[in-house]
Amino acid sequence: MGLKVYADRTSQPSRTIIIFCKMNQIDFEEVKIDLSKGQHRTPEFEKINPMKKVPAIVDGRFKLFESHAILRYLACSFPSVSDHWYPNDLTSRAKIDSILDWHHANLRQGAGTYVFHGAMAPAFGLPLNAQVAEQGKKLMLSSLSKIELFWLRGDSRFLLGNSQPSIADLSLVCELMELEVVDSEERERILEPHQKIRDWMENVKRATHPHFLEVHGILYELKARLESRRNKVSTNL
């Protein structure tokens with residue numbers, strides 16, 4: 001039995017895992033779980049992940065969920081993975097782990113809340129919530145400033161001053177790619193004061209070409225649908 005990755009590419013962590021596997025020549029089967037259709041809540045998927053979230057993996061008889069745990073497992077289990085993703089040096093690993101632990105309660109919480117409640121909710125049959133979106137936006141903006149202050153000092157191309165990306169770079173940039181689905185002018189207002197963030201995102205995209213753009217294709221399709229919907233609403237006002 002080979003590696004199976006249960007994912008929905010509209011999910012930021014799902015895209016991270018898929019890109020990582022493709023970048024490191026890890027042979028895997030992508031099992032699509034459509035969140036908009038509630039496939040993550042089926043009894044069959046609950047056997048894979050009792051938390052009913054994506055991504056999750058099955059490697060032989062071994063099952064694992066939580067994207068950061070999956071990234072660490074893959075980096076340590078497959079010899080094709082380059083050391084820069086999750087170095088053998090324990091000090092370097094600890095620094096990467098620190099960023100990943102911070103990410104869930106800060107950047108992910110802020111950006112995910114802002115984008116979902118401010119733009120993506122209609123794609124899942126739910127209404128927008130401007131108040132909740134604004135709360136998420138505040139945490140996201142604070143997180144962007146902290147990334148620049150702590151981990152993108154000077155002319156760093158990647159987090160921690162590394163010359164090549166780590167699993168933390170990939171995870172955080174996939175999170176920020178969610179901003180593609182918000183109004184373009186709003187996205188520019190958010191990122192315009194953060195040139196280091198913009199440069200870093202471009203560095204990660206280039207370092208993971210062509211897989212980064214290919215896996216994010218579904219996000220650009222979603223962006224087009226949401227823009228069409230916003231234009232219709234604006235025309236009817």
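Only this structure's heavy atoms are used, side chains among them; waters, hydrogens and symmetry mates stay out.
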### Query
Do side-chain atoms of Arg153 reach the backbone of Leu149 as a donor and acceptor pair under 3.5 angstrom?
yes
### Message
Could you report the tightest heavy-atom contact between Cys174 and His216, atom names first, then the distance?
### Response
SG-CE1, 3.7 Å
### Query
Between Ser166 (side chain) and Ala168 (backbone), is there a donor-acceptor pair under 3.5 Å?
yes
### Task
Would you indicate whether the side-chain heavy atoms of Lys53 and Phe65 approach each other to under 4.5 Å?
no
### Query
Mind checking whether Phe78 and Leu3 have side chains closer than 4.5 Å, heavy atoms only?
yes
### Query
Looking only at atom types and distance, does a side-chain atom of Asn24 sit under 3.5 Å from a main-chain N or O of Ile26, one as donor and one as acceptor?
no
### Task
Of all the heavy-atom pairs spanning Leu100 and His68, show the shortest one and how long it is.
O-CE1, 3.2 Å
### Query
Do the side chains of Ile99 and Leu160 get nearer than 4.5 Å, heavy atoms only?
yes
### Query
Do Arg108 and Glu178 meet the salt-bridge criterion of a basic N to acidic O distance under 4.0 Å?
no
### Query
Just by distance, do the side chain of Asn162 and the backbone of Pro165 share a donor-acceptor pair under 3.5 Å?
no
### Query
Is it the case that one hydrophobic cluster holds both Leu141 and Val182, taking links as side-chain heavy atoms less than 4.5 Å apart, direct or via other members?
yes
### Message
Is the shortest side-chain heavy-atom distance between Lys32 and Gln39 below 4.5 Å?
### Response
no
### Summary
The side-chain contact (heavy atoms from CB on, under 4.5 Å) partner of Met201 among Val204, Ile197, Asp199, Asn203 is Ile197
### Query
Same cluster for Phe212 and Leu222 if Ile/Leu/Val/Met/Phe/Trp/Tyr side chains link at under 4.5 Å?
yes
### Query
Are side-chain heavy atoms of Leu152 and Phe158 found at a separation under 4.5 Å?
no
### Query
Should the ring pair Trp85 and Phe20 be called parallel, tilted or perpendicular, given that the plane angle runs from 0 to 90° and is split at 30 and 60?
perpendicular
### Task
Would you indicate whether the side-chain heavy atoms of Phe45 and Val54 approach each other to under 4.5 Å?
yes
### Summary
Closest non-hydrogen atoms of Val81 and Leu74, given as atom of the first, atom of the second and distance, are CG2-O, 3.7 Å
### Query
Between Ser98 (side chain) and Ala94 (backbone), is there a donor-acceptor pair under 3.5 Å?
no
### Task
Would you mind reporting whether Lys138 and Glu134 have side-chain heavy atoms less than 4.5 Å apart?
yes
#### Entry: Over 12 foreign heavy atoms within 6.0 Å of CZ, Arg206
yes
### Query
Does the ring pair (Phe, Tyr, Trp, His ring centres under 6.0 Å) test come out yes or no for Trp151 and Trp102, once each step is laid out?
CA-CA 12 Å; Trp151 300 308; Trp102 171 89; 5.0 Å; yes
### Query
Is Leu139 reachable from Ile147 through a run of I, L, V, M, F, W or Y residues, each pair having side-chain heavy atoms under 4.5 Å apart?
no
### Query
How about Gln195: does its CD atom have over 12 heavy atoms from other parts shown lying under 6.0 Å from it?
yes
### Task
Walk me through it: do Glu221 and Arg9 pass the test salt bridge (Lys or Arg N to Asp or Glu O under 4.0 Å)?
CA-CA 11 Å; Glu221 293 172 7; Arg9 292 192 181 194; over 6 Å; no
### Message
Other residues, nucleotides and ligands only: do more than 12 of their heavy atoms fall within 6.0 Å of NZ on Lys223?
### Response
yes
#### Entry: Worked check of salt bridge (Lys or Arg N to Asp or Glu O under 4.0 Å) between Glu214 and Lys22
CA-CA 11 Å; Glu214 183 267 316; Lys22 288 176 175 285; 3.7 Å; yes
### Query
Mind checking whether Cys76 and Arg93 have side chains closer than 4.5 Å, heavy atoms only?
yes
### Query
Is it true that a side-chain atom of Arg157 and a backbone atom of Ser163 form a donor plus acceptor pair closer than 3.5 Å?
yes
### same_hphob_cluster(Leu35, Leu126) at 4.5 Å side-chain heavy-atom cutoff
yes
### Query
Do Lys196 and Asp155 pass the salt bridge (Lys or Arg N to Asp or Glu O under 4.0 Å) test, and can you show the C-alpha distance, the side-chain angles, and the key distance before you say yes or no?
CA-CA 8 Å; Lys196 285 185 180 180; Asp155 58 354; over 6 Å; no
### Task
Please answer whether the main-chain N or O of His117 pairs with a side-chain N or O of Asn129 as donor and acceptor at a distance below 3.5 Å.
no
### Task
Run the salt-bridge test on Glu186 and Lys137 with the 4.0 Å N-O cut-off and return the result as yes or no.
yes
### Message
Hydrophobic clusters here meaning ILVMFWY residues chained together by side-chain heavy-atom distances under 4.5 Å, can you tell me if Tyr220 and Met120 are in one?
### Response
yes
### Query
Are the side chain of Ser11 and the backbone N or O of Ala7 linked by a donor-acceptor pair below 3.5 Å?
no
